[in-house]
2 protein chains.
Amino acid sequence: MLREDVTEAIRAAVFEELASVGYARMSIEGIARRAGVGKTAVYRRWRSKLHLVLDIVSALAVQGLPAPDTGSLEDDLRLLYEVTSRALRHPLASQILPDLQAEAARNPDMAEAVQKALRDGQEGVASKILVAAEQRGEIRAGHDDELALDLISGPLYWRSVVIRSPKLPKGYLGALARATAEAIKAL
Amino acid sequence: MLREDVTEAIRAAVFEELASVGYARMSIEGIARRAGVGKTAVYRRWRSKLHLVLDIVSALAVQGLPAPDTGSLEDDLRLLYEVTSRALRHPLASQILPDLQAEAARNPDMAEAVQKALRDGQEGVASKILVAAEQRGEIRAGHDDELALDLISGPLYWRSVVIRSPKLPKGYLGALARATAEAIKAL
DNA sequence: TCACGACGGAACGGTCCCGTCCCACCGGAC
DNA sequence: GTCCGGTGGGACGGGACCGTTCCGTCGTGA
């Protein structure tokens, strides 16, 4: 019964509001205003701001990304970094991510949704890359998998989101992939 | 003329408010309430919430931490990680950090203050460790220093703040230091 | 002893948002 | 052609803060 175009307009407005003012400052009124929609239309679909955002974040998690499989750990990492780096360059992502993360530090439901989204995205791909390298015998089995995941995901996130470096120097991703592959092989 | 104990009570209240509700939701009224102080006392010292928080964050940046100097890159990193890890275990830090970071994504002044605090803290120590290792000939000169800094700081931040792992398995920091040292030597 | 200034507290008008309710409208199903 | 339900819009009482202003109190330095 609910009109799908209205629903979609609301979803889009949430993304924009999230990016421009953040979760805490975001209001239902503001979302409806930006979507060109009555508050009623929003409340008819979601009970609260939290439900609304949780629903959207959870929807993001569903998209299972294909893992690269070049036959070499370093090249797999390189490809992963290029995809991730391009995603993080979007202002939408780099504004929203730390915001959701800050909210997750306070709200267990939000934390669960964000972690699930991470696991299905970045961490999932990284994990597949690791398993492939292990089967290939390129890295040792039995090491701390979580540590390896941290080594893979940490540096680029730190650089892009924490340090907030506007753009990466040429050759950065390649050098990062090489260094990370070395680190994991040394585990 | 302003009473120092009142000023200190306000500063402490800001930390607590920041940790419990976050920057965006934090209000001057709430701070004054928690500090057991009139709003007047706050406005007499700072013009706005932003000035207040910027002042406090900037004050944090001043504390120059001593860099470890064991004569080995891996051991230096290990010590750095132990200090950092202990700091991040404090709920205060791990709640406030992502929050300030999210705010920094929207406010250039906040971004500058946070980056300065980082540079004077974590990044500063890491940088000194790198220079020492370079002089020792343990790592090559002329590589991308910023990449090395990302390799050092990224993984532990990712694990502690993003993944929000409650506690690290035994031996994690040691293995991380070893792997990171390998990665940097491979640059 | 006295004056000054910072203090906590309370109130001000104003703004924004909450969640609910009611309205007139309109498009699709029957 | 007539309903019916979602729609945008607007109004609602209530609540939280804003930043300012005014109190009466209290400590301190002259």
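Note on naming: letters A, B, ... go to the chains in the order of the sequence lines (proteins, then strands), and numbering restarts at 1 for each one. Only heavy atoms go into these numbers, but all of them, side chains included; no hydrogens, no water, no symmetry mates.
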(request) Just call it for A/R25: base, sugar-phosphate, or nothing, with non-hydrogen atoms closer than 4.0 Å on any strand. (result)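 A/R25: no heavy atom of the nucleic acid under 4.0 Å.
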
(message) Which Ile, Leu, Val, Met, Phe, Trp or Tyr residues join B/L79 in one cluster when any pair of side-chain heavy atoms under 4.5 Å counts as a link?
(response)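 B/L79 clusters with nothing; isolated.
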
(request) May I ask you to list the residues sharing a hydrophobic cluster with A/Y157, side-chain cutoff 4.5 Å, ordered by chain and number? (result)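 ILVMFWY cluster around A/Y157 also holds A/L88, A/L97, A/L118, A/W158, A/V161, A/V162, A/I163, B/L88, B/L97, B/L118, B/Y157, B/W158, B/V161, B/V162, B/I163.
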
(request) Round to the nearest Å and state the distance from B/I31 atom CD1 to D/dG19 atom P. (result)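 Going from CD1 in B/I31 over to P in D/dG19 covers 11 Å.
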
(request) Mind calculating the distance between OH (B/Y43) and P (D/dT21) to the nearest angstrom? (result)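 For the pair B/Y43 OH and D/dT21 P, the rounded distance is 12 Å.
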
(message) Looking at B/E182, I'd like to know if its CD atom is crowded, meaning that more than 12 non-hydrogen atoms belonging to other residues, nucleotides or ligands lie closer than 6.0 Å.
(response)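 Counting other residues, nucleotides and ligands, CD of B/E182 exceeds 12 neighbours.
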
(request) Extract, from 5' to 3' on DNA chain C, the first and final nucleotides lying under 4.0 angstrom from some heavy atom of chain A. (result)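 Terminal contacting nucleotides, 5' to 3': C/dC17 to C/dC21.
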
(request) Give a yes or no on whether the backbone of A/R34 and the side-chain of A/E17 come within a donor-acceptor separation of less than 3.5 Å. (result)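 No.
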
(message) Assess, by modelled atom type and distance only, whether the side chains of A/R89 and A/S94 contain a donor and an acceptor separated by less than 3.5 Å.
(response)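 Short answer, no.
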
(message) Taking the axis from the first five pairs and the axis from the last five, what angle separates them in the helix from C/dT1-D/dA30 to C/dC30-D/dG1, rounded to 10 degrees?
(response)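 Helix axis angle between the two ends: 10°.
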
(request) May I ask you to decide whether A/E16 forms a salt bridge with A/R11, counting only side-chain N to carboxylate O separations under 4.0 Å? (result)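 A/R11 and A/E16: not salt-bridged.
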
Polar-atom pairs under 3.5 Å, protein N or O versus N or O of nucleotides 13-15 of chain D: list them with distances, or write none.
none

(message) Base contacts versus sugar-phosphate-only contacts with protein, heavy atoms under 4.0 Å: please encode nucleotides 2-12 of chain D as B, S and - from 5' to 3'.
(response) ----SBSB---

